[in-house]
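Taking it in order: structure first as structure tokens, then the write-up.
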Amino acid sequence: KKVLAGIKQWYQRRVRGASPGEKKVVECRHDWHQTGDQVNFTVYAKKVIPDRCSVKCNAVKLEAEITFGDNQVFTFKKVLAGIIDPEKSKVTFSTAKVEVSMRKAEFVAWPSTFVL
């Protein structure tokens with residue numbers, strides 16, 4: 001597992017990859033759930049390549065480009081339903097999924113409009 005944490009605006013570098021024309025854009029299964037102080041976003045993809053993924057987040061927006069398998073790419077952009085604290089949030093990469101754990105700025109339930 002590879003974990004990034006405590007960065008104002010996360011950005012996992014994109015290096016050593018195929019040219020953009022060689023990427024195959026695909027959909028991936030993804031999900032989210034929340035607890036009192038955290039929102040978790042998970043992308044399920046086999047053979048994730050962390051060095052060729054990027055996850056960017058600020059207080060109100062999440063953007064991810066996940067590269068996996070045979071140069072397949074899943075892209076996600078969403079304005080969040082609440083405010084998060086990026087410095088207390090983290091990204092975890094494993095071979096089968098990418099988890100973004102975002103710490104809520106306020107201990108409030110987010111509405112279902114964040115449903116992905």
Side-chain angles (χ1 to χ4, degrees):
K1 281 188 175 181
K2 187 172 189 175
V3 178
L4 301 176
I7 301 171
K8 247 185 189 172
Q9 185 173 31
W10 300 315
Y11 183 75
Q12 174 64 23
R13 62 191 172 353
R14 256 182 285 182
V15 294
R16 299 183 306 269
S19 66
E22 295 178 23
K23 293 180 181 179
K24 181 180 178 186
V25 178
V26 296
E27 287 296 315
C28 283
R29 184 169 68 94
H30 54 281
D31 198 7
W32 76 283
H33 69 276
Q34 65 180 315
T35 61
D37 65 344
Q38 196 155 325
V39 174
N40 298 299
F41 173 67
T42 305
V43 176
Y44 300 94
K46 291 185 180 178
K47 300 180 184 174
V48 173
I49 307 167
D51 289 342
R52 291 180 35 210
C53 296
S54 70
V55 177
K56 299 179 191 177
C57 192
N58 62 31
V60 296
K61 188 174 182 181
L62 172 64
E63 295 182 10
E65 184 176 286
I66 309 302
T67 303
F68 64 98
D70 188 24
N71 212 27
Q72 297 172 307
V73 177
F74 169 72
T75 304
F76 177 84
K77 294 180 182 180
K78 180 79 173 176
V79 174
L80 304 173
I83 299 172
I84 64 160
D85 182 352
E87 291 186 24
K88 294 182 180 173
S89 302
K90 67 180 181 178
V91 180
T92 305
F93 294 91
S94 71
T95 57
K97 63 184 174 181
V98 176
E99 292 180 294
V100 182
S101 300
M102 299 170 281
R103 177 74 63 171
K104 293 179 184 177
E106 299 174 340
F107 197 85
V108 192
W110 287 10
S112 61
T113 56
F114 185 72
V115 174
L116 310 172

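A quick note: this is a predicted structure, and the numbers were derived from the prediction, not measured.
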Report task. Just do the side-chain contact (heavy atoms from CB on, under 4.5 Å) check on Cys28 and Ile66 with the steps written out, would you? Result -> CA-CA 9 Å; Cys28 283; Ile66 309 302; over 6 Å; no

- Any chance the side chains of Asp70 and Gln72 put a donor and an acceptor closer than 3.5 Å? no

| task | Check whether the side chains of Asp31 and Thr42 place a donor and an acceptor atom closer than 3.5 Å, and report yes or no. | result | no

For Ile83, the other hydrophobic cluster members (4.5 Å side-chain criterion, sorted by chain and number) are Val60

Exercise for review: Starting from the C-alpha separation in whole Å, work towards a yes-or-no answer on ring-ring contact (aromatic ring centres under 6.0 Å, His included) for His33 and Phe41.
Suggested key: CA-CA 7 Å; His33 69 276; Phe41 173 67; over 10 Å; no

* Asked: Are the side chains of Leu62 and Val79 in touch, meaning some heavy atoms are under 4.5 Å apart?
  -> no

**Item:** Residue pair Val73, Val26: steps toward the side-chain contact (heavy atoms from CB on, under 4.5 Å) verdict
**Value:** CA-CA 6 Å; Val73 177; Val26 296; over 6 Å; no

Quick one: pull up [atom1] in [X] and [atom2] in [Y] and give me the separation to the nearest 0.5 Å.
| X | Y | atom1 | atom2 | answer |
| --- | --- | --- | --- | --- |
| Trp32 | Lys78 | CH2 | NZ | 9.5 Å |
| Lys97 | Thr92 | NZ | OG1 | 9.0 Å |
| Trp110 | Ile84 | CH2 | CD1 | 6.5 Å |
| Lys23 | Thr67 | NZ | OG1 | 5.0 Å |

side-chain contact (heavy atoms from CB on, under 4.5 Å) filter on Lys61, not counting sequence neighbours, yields Asn58, Glu63

Run the numbers on Glu99 and Val43 for side-chain contact (heavy atoms from CB on, under 4.5 Å), then give the verdict.
CA-CA 7 Å; Glu99 292 180 294; Val43 176; over 6 Å; no

*Charged N-O contact under 4.0 Å between Asp85 and Lys104*: no

request  = For the pair Lys77 and Glu65, find out whether any cationic side-chain nitrogen is under 4.0 Å from an anionic carboxylate oxygen.
outcome  = no

In terms of hydrophobic clustering (I, L, V, M, F, W, Y; side-chain heavy atoms under 4.5 Å; direct or indirect links), are Phe93 and Phe76 co-clustered?
yes

Are Val98 and Ile49 in one and the same hydrophobic cluster, where Ile, Leu, Val, Met, Phe, Trp and Tyr link if side-chain heavy atoms are under 4.5 Å apart?
-> no

Practice prompt. Output, in order, the C-alpha distance, side-chain angles, deciding distance and verdict of side-chain contact (heavy atoms from CB on, under 4.5 Å) for Phe74 and Glu27.
Written response: CA-CA 6 Å; Phe74 169 72; Glu27 287 296 315; 3.9 Å; yes

Tightest non-hydrogen contact, residues Val48 and Phe68, listed as CA-CB, 3.8 Å

For Ser101 and Asn40 the tightest heavy-atom approach is OG-OD1, 3.0 Å

